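Inspection log for the structure reproduced underneath, given as structure tokens.
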Amino acid sequence: MRPMATDPNRFQAIISHCKEYGFIFPSSEIYDGLQAVYDYGQWGSELKKNIKDYWWKSMVQLHENIVGIDAAIFMHPTIWKASGHVDNFNDPMIDNKDSKKRYRVDHLIETKAEEMRNEGRNDEADGLIDEMDKLLSTDDFDGLRQLIINQGIKCPISKTANWTEVRQFNLMFSTQIGSVSDEASEIYLRPETAQGIFVNFLNVQKTGRLKIPFGIAQIGKAFRNEIVARQFIFRMREFEQMEMQYFIRPGTQKEWYESWKEERMKWHLSLGISKEKYRFHDHVKLAHYADAACDIEYEFPIGFKEVEGIHSRTDFDLKNHQEYSKKKMQYFDSEINQNYIPYVIETSIGLDRMFLLIISEAYAEEDLSTAEKQDSRVVLRLPSKIAPMKLAILPLVKKDGLPEIARKIMDDCKTHFRCFYEEKDTIGKRYRRMDAIGTPFCVTVDQQTKQDNTVTIRYRDTMQQERIPADKVREVVLKEINT
Ligand code: ATP
């Protein structure tokens, strides 16, 4: 295993860049923000939408046997009883008595292991994580507390090791539905989108006349009252998930699990990200619903961390919904002439984490200094197909009919992809602003355009420029964004 390359400065630079260039703002900023909640700005919302579309296209459009739904966030409260979230959606936490701060036990121990790795004590770090995994898998809370004490782990705020017992906390947000507040009207904000798929399983199967194996996909908000939420959009209290539940014949789960692992990794690599930045992490402690589970981890500037989970969920959810709702959740498989409750393989990726991954991968600070002058730029090397803005159209000057020609190019392109028009400032400054938001192409309209109808196209990554006919701009951009 390679040592973790964590780079707090780079992470901070990315966070600042996201704010400065309209990608992500802290929520309610004028009221000093709301912890672990963020708003996407003008370019951020566009990039996020493009990531969603790219996922949706690969999962739904390119699979004839996968369909999408859009279920409500509010659901009947018994759903969360049946799914196990009321009883099991807990994290072991520990409080520091001096600072009164609460921590997730696994995070405290993982941070310690990371410190060890930074000091080159990799074997010790691996040993510590192994020990933690063992204690977590047996819910040995006394053992976990003892491990924290033995390792001399201190609260980062009070700097003391004055710890409480380890306790479990439920991560679901609850609220009241209707005008009377009593216990019966208490409902939860969904902590995952998957249950909306399970409870609609037969509606979709029957109305869509779907045959097993088939999948149901969904993109939507999920809410978790995360206790430690301090890593920008990596861990939020309100976030979005892109999930797909694949319904299969019992007994075939091993093959489908492997096949979805492979397919999802291919999806990540199709964005041009190098293989070395990814790894699989098999779960030691399986969630209450799974018979096999792994995470796809990416090497963020804060270390290797989960971006997507792939879970073999057995028939746990459908079986429990059948029991709690007293409605049959069975499927009749005409090929083998049998009724059964399908098994499920789930792929669940956090949209916001994927956003962070894309930005972390794309963000580059480049030194462009020459012997004559010092120069640098910040560029987002985003894949063209998901870049928020595909093309900037820039008349060199604001006169001589150049804006009119530029507007014509804009009209020719804007129904096909997102374009940006700008007349102000020097061309150099305008290029740099486009680099900073990751626009792959800029075209400049100048005096020569009036003579031969050619424009200068500038490529973001190489900064190379060449002249092409103005009426070819649309084609060049479309070719690149459709590959
Ligand atoms: P973690 O261990 O990081 O808390 P998890 O294993 O609980 O995550 P899952 O329940 O498997 O996560 O959810 C699937 C995906 O949803 C995760 O891989 C992640 O990308 C995303 N996700 C989960 N919790 C959050 C959160 N609080 N903020 C942003 N994304 C999240």
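Count residues from 1 along the sequence. In each ligand, atom 1 is the first atom listed, and ligand 1 is the first ligand listed. Everything quoted here is computed from the prediction, not taken from an experiment.
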Problem set entry | Tyr38 side chain to Glu238 side chain, donor-acceptor N/O pair below 3.5 angstrom | no
For this session: Kindly say whether the aromatic ring centers of Trp267 and Tyr54 come within a distance under 6.0 Å.
Result: yes
For this session: Would you please say whether a donor-acceptor pair under 3.5 Å links the side chains of His311 and Gln245?
Result: no
Exercise. Any chance the side chains of Asp352 and Tyr40 put a donor and an acceptor closer than 3.5 Å?
Worked result: yes
For this session: Give the C-alpha distance, both sets of side-chain angles, the deciding distance and a yes or no for side chain to side chain donor-acceptor pair (under 3.5 Å) between Thr347 and Trp260.
Result: CA-CA 8 Å; Thr347 72; Trp260 277 110; over 6 Å; no
For this session: Please report which non-hydrogen protein atom sits nearest to atom 2 (O) of ligand 1, along with the residue it belongs to and the distance in Å to one decimal place.
Result: Glu306 OE1, 3.7 Å
Seminar exercise, completed: The answer for which part of Arg237 has a heavy atom under 4.0 Å from ligand 1 is neither
Exercise. With a 4.0 Å cut-off on heavy atoms, does Glu346 reach ligand 1?
Worked result: no
Exercise. Against heavy atoms of Glu308, which atoms of ligand 1 measure under 4.0 Å?
Worked result: 18 (O)
Problem set entry | Proximal ligand 1 atoms for Gly309, defined as those under 4.0 Å from one of its heavy atoms | 18 (O)
For this session: Ignoring angles and geometry beyond distance, decide whether Asp352 reaches within less than 3.5 Å of ligand 1 through its nitrogen or oxygen atoms.
Result: no
For this session: For Glu226, counting its heavy atoms only, list the atoms of ligand 1 lying under 4.0 Å from any of them.
Result: 24 (N), 26 (C), 27 (N)
Problem set entry | Under 3.5 Å: N/O of Glu243 near N/O of ligand 1 | no
Exercise. For Gly350 and ligand 1, does the shortest N/O to N/O distance drop below 3.5 Å?
Worked result: yes
Exercise. Does atom CD of Glu119 have more than 12 heavy-atom neighbours, drawn from other residues, nucleotides or ligands, at distances under 6.0 Å?
Worked result: yes
Problem set entry | Within-cut-off N or O pair, Val307 and ligand 1, under 3.5 Å | yes
For this session: Return the residue, atom name and 0.1 Å-rounded distance of the protein heavy atom closest to atom 14 (C) of ligand 1.
Result: Ser348 OG, 3.0 Å
Problem set entry | Identity and distance of the protein heavy atom lying nearest atom 22 (N) of ligand 1 | Phe239 CE1, 3.5 Å
For this session: Return yes or no for this condition: an N or O of Ile233 is under 3.5 Å from an N or O of ligand 1.
Result: no
For this session: May I ask you to check if Arg353 and Phe234 form a cation-pi contact, with NZ or CZ under 6.0 angstrom from the six-membered ring centre and within 45° of the axis?
Result: yes
Problem set entry | Intermediate values then yes/no, salt bridge (charged side-chain N to carboxylate O under 4.0 Å, His left out), Glu299 and Lys277 | CA-CA 5 Å; Glu299 190 175 21; Lys277 293 285 209 121; 5.1 Å; no
Exercise. Between Arg235 and ligand 1, which residue portion shows a heavy-atom distance shorter than 4.0 Å: side chain, backbone, both, or neither?
Worked result: both
Exercise. Side chain or backbone of His107 under 4.0 Å from ligand 1, or both, or neither, by non-hydrogen atoms?
Worked result: neither
Exercise. Is atom CD of Glu262 surrounded by more than 12 heavy atoms (other residues, nucleotides or ligands) closer than 6.0 Å?
Worked result: no
Problem set entry | Best match, Glu297, Arg224, Gln241, Met242: closest heavy atom to atom 10 (O) of ligand 1 | Arg224
For this session: Tell me which one of His311, Met236, Gln231 gets a heavy atom nearest to atom 27 (N) of ligand 1.
Result: Met236
Exercise. How far is atom 19 (C) of ligand 1 from its nearest protein heavy atom, and which residue and atom name does that atom have?
Worked result: Arg353 NH1, 3.5 Å
Exercise. Have Gln168 and Asp91 got a donor and an acceptor in their side chains that come within less than 3.5 Å?
Worked result: no
For this session: Give the residue and atom name of whichever protein heavy atom lies nearest to atom 29 (C) of ligand 1, and the separation in Å to one decimal.
Result: Phe234 O, 3.3 Å
Exercise. How far apart are the C-alpha atoms of Asp53 and Asn50, what are their side-chain angles, what is the distance that settles it, and do they pass the side chain to side chain donor-acceptor pair (under 3.5 Å) test?
Worked result: CA-CA 5 Å; Asp53 291 347; Asn50 293 345; over 6 Å; no
Problem set entry | Any side-chain donor near an acceptor of the partner, Tyr246 and Asn65, under 3.5 Å | yes
Exercise. Which ligand 1 atoms does Arg104 reach within 4.0 Å, using its non-hydrogen atoms?
Worked result: 4 (O)
